[in-house]
Amino acid sequence: MLHLDAESLYAELRHGVAGLMRPDSVLVGIWSGGAWLAERLAADLGLASGTISSALHRDDFGSRGLVSGKGGADHTTLPFEVNGRDILLIDDVLYTGRTTRAVINELFDFGRPASVTLAVLVDRGGRQLPIEPALSAARITLPANERVSLDRTPD
């Protein structure tokens, strides 16, 4: 079992995100792990942040249905104008790229951003779509039958 030092990875992510920010940038965390990270990054860097869900635009919506709670559509909160903004999408783990695609579709339902940039804590490879993060704190390779699981603790 591979163990990653979450605090070291977060410090690298925070440093990289600070370098990607533009004067009018906002953070948008992908529900749920990305939302935790965006919330912490926003507090540490003094930035505006929101949360976005992939639920309504997933390509497996027919089999999953609308889920309330984990990944539900009720988790999109963008307390700022999207039109013309530089959006920095934050996620915990990037795998196939399908969640990122769904989230970008959801984002465009709120307006047309000037740009959308993706930053992730862990890129585990295995992409099914041509989506690549501008920043990843760690890149690992795992077989398709293995998962990366990150947990949030109160501290």
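For the numbers below, each heavy atom of this structure counts, side chains included, while hydrogens, waters and symmetry mates do not. No experiment lies behind these values; they were computed from the predicted model shown.
- Across all non-hydrogen atoms, the minimal contact from Ser53 to Glu106 is O-CG, 3.6 Å.
- Within the 4.5 Å cutoff, the side chain of Leu88 has no heavy atoms near those of the Ser25 side chain.
- A distance of 11.0 Å separates CD of Glu146 from OG1 of Thr141, quoted to the nearest 0.5 Å.
- Leu13 CG to Leu121 CG: the interatomic distance, rounded to the nearest 0.5 Å, is 5.5 Å.
- When all heavy atoms of Ser8 and Asp5 are compared, the pair lying nearest together is OG-OD2, 2.8 Å.
- Residues Phe110 and Ile87 fail the side-chain proximity criterion, which asks for heavy atoms closer than 4.5 Å.
- For the pair Ser136 (side chain) and Val120 (backbone), a donor-acceptor distance under 3.5 Å is absent.
- A distance of 9.5 Å separates CD1 of Ile90 from OG1 of Thr117, quoted to the nearest 0.5 Å.
- The two residues Gly84 and Asp24 make their nearest non-hydrogen contact at O-OD2, 4.1 Å.
- From Leu20, atom CG reaches atom CG of Asp86 across 11.0 Å, with rounding to the nearest 0.5 Å.
- When all heavy atoms of Gly97 and Leu129 are compared, the pair lying nearest together is O-CD1, 3.7 Å.
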Note to self: Run Phe80 and Val28 through side chain to side chain contact (heavy atoms under 4.5 Å, CB included) and show every step you take.
What the structure shows: CA-CA 10 Å; Phe80 41 74; Val28 176; 3.8 Å; yes
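- Within the 3.5 Å criterion, the main-chain N or O of Thr96 finds no donor-acceptor partner in the side chain of Arg124.
- Side-chain N or O atoms of Arg14 include none that pairs as donor or acceptor with a backbone N or O of Leu41 at under 3.5 Å.
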Next item on the list: Go through Leu27 and Val17 one step at a time and tell me if the side chain to side chain contact (heavy atoms under 4.5 Å, CB included) criterion holds.
Entry: CA-CA 9 Å; Leu27 300 174; Val17 164; 4.0 Å; yes
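- Both Val116 and Leu118 belong to a common hydrophobic cluster when Ile, Leu, Val, Met, Phe, Trp and Tyr are linked at side-chain heavy-atom distances under 4.5 angstrom.
- The pair Glu7-Arg40 meets the salt-bridge criterion, since a charged nitrogen lies less than 4.0 angstrom from a carboxylate oxygen.
- Separation of atoms OG1 (Thr76) and CG (Asp109) is listed at 9.0 Å; rounding is to 0.5 Å.
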Margin query: Apply side chain to side chain contact (heavy atoms under 4.5 Å, CB included) to residues Ile30 and Ile52 and explain how you reach the verdict.
Written below: CA-CA 5 Å; Ile30 299 174; Ile52 196 159; 4.3 Å; yes
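- Of all the heavy atoms in Pro79 and Gly50, the pair that sits closest is CD-CA, 3.9 Å.
- A side-chain donor-acceptor contact under 3.5 Å links Arg127 to the backbone of Tyr95.
- Around atom CZ of Arg139, more than 12 heavy atoms belonging to other residues, nucleotides or ligands sit under 6.0 Å away.
- Under the 4.5 Å side-chain heavy-atom criterion for Ile, Leu, Val, Met, Phe, Trp and Tyr, Leu135 and Leu94 are members of distinct hydrophobic clusters.
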Margin query: One pair to check against side chain to side chain contact (heavy atoms under 4.5 Å, CB included): Leu37 and Asp92. What are the steps and the verdict?
Written below: CA-CA 7 Å; Leu37 289 168; Asp92 55 353; 3.9 Å; yes
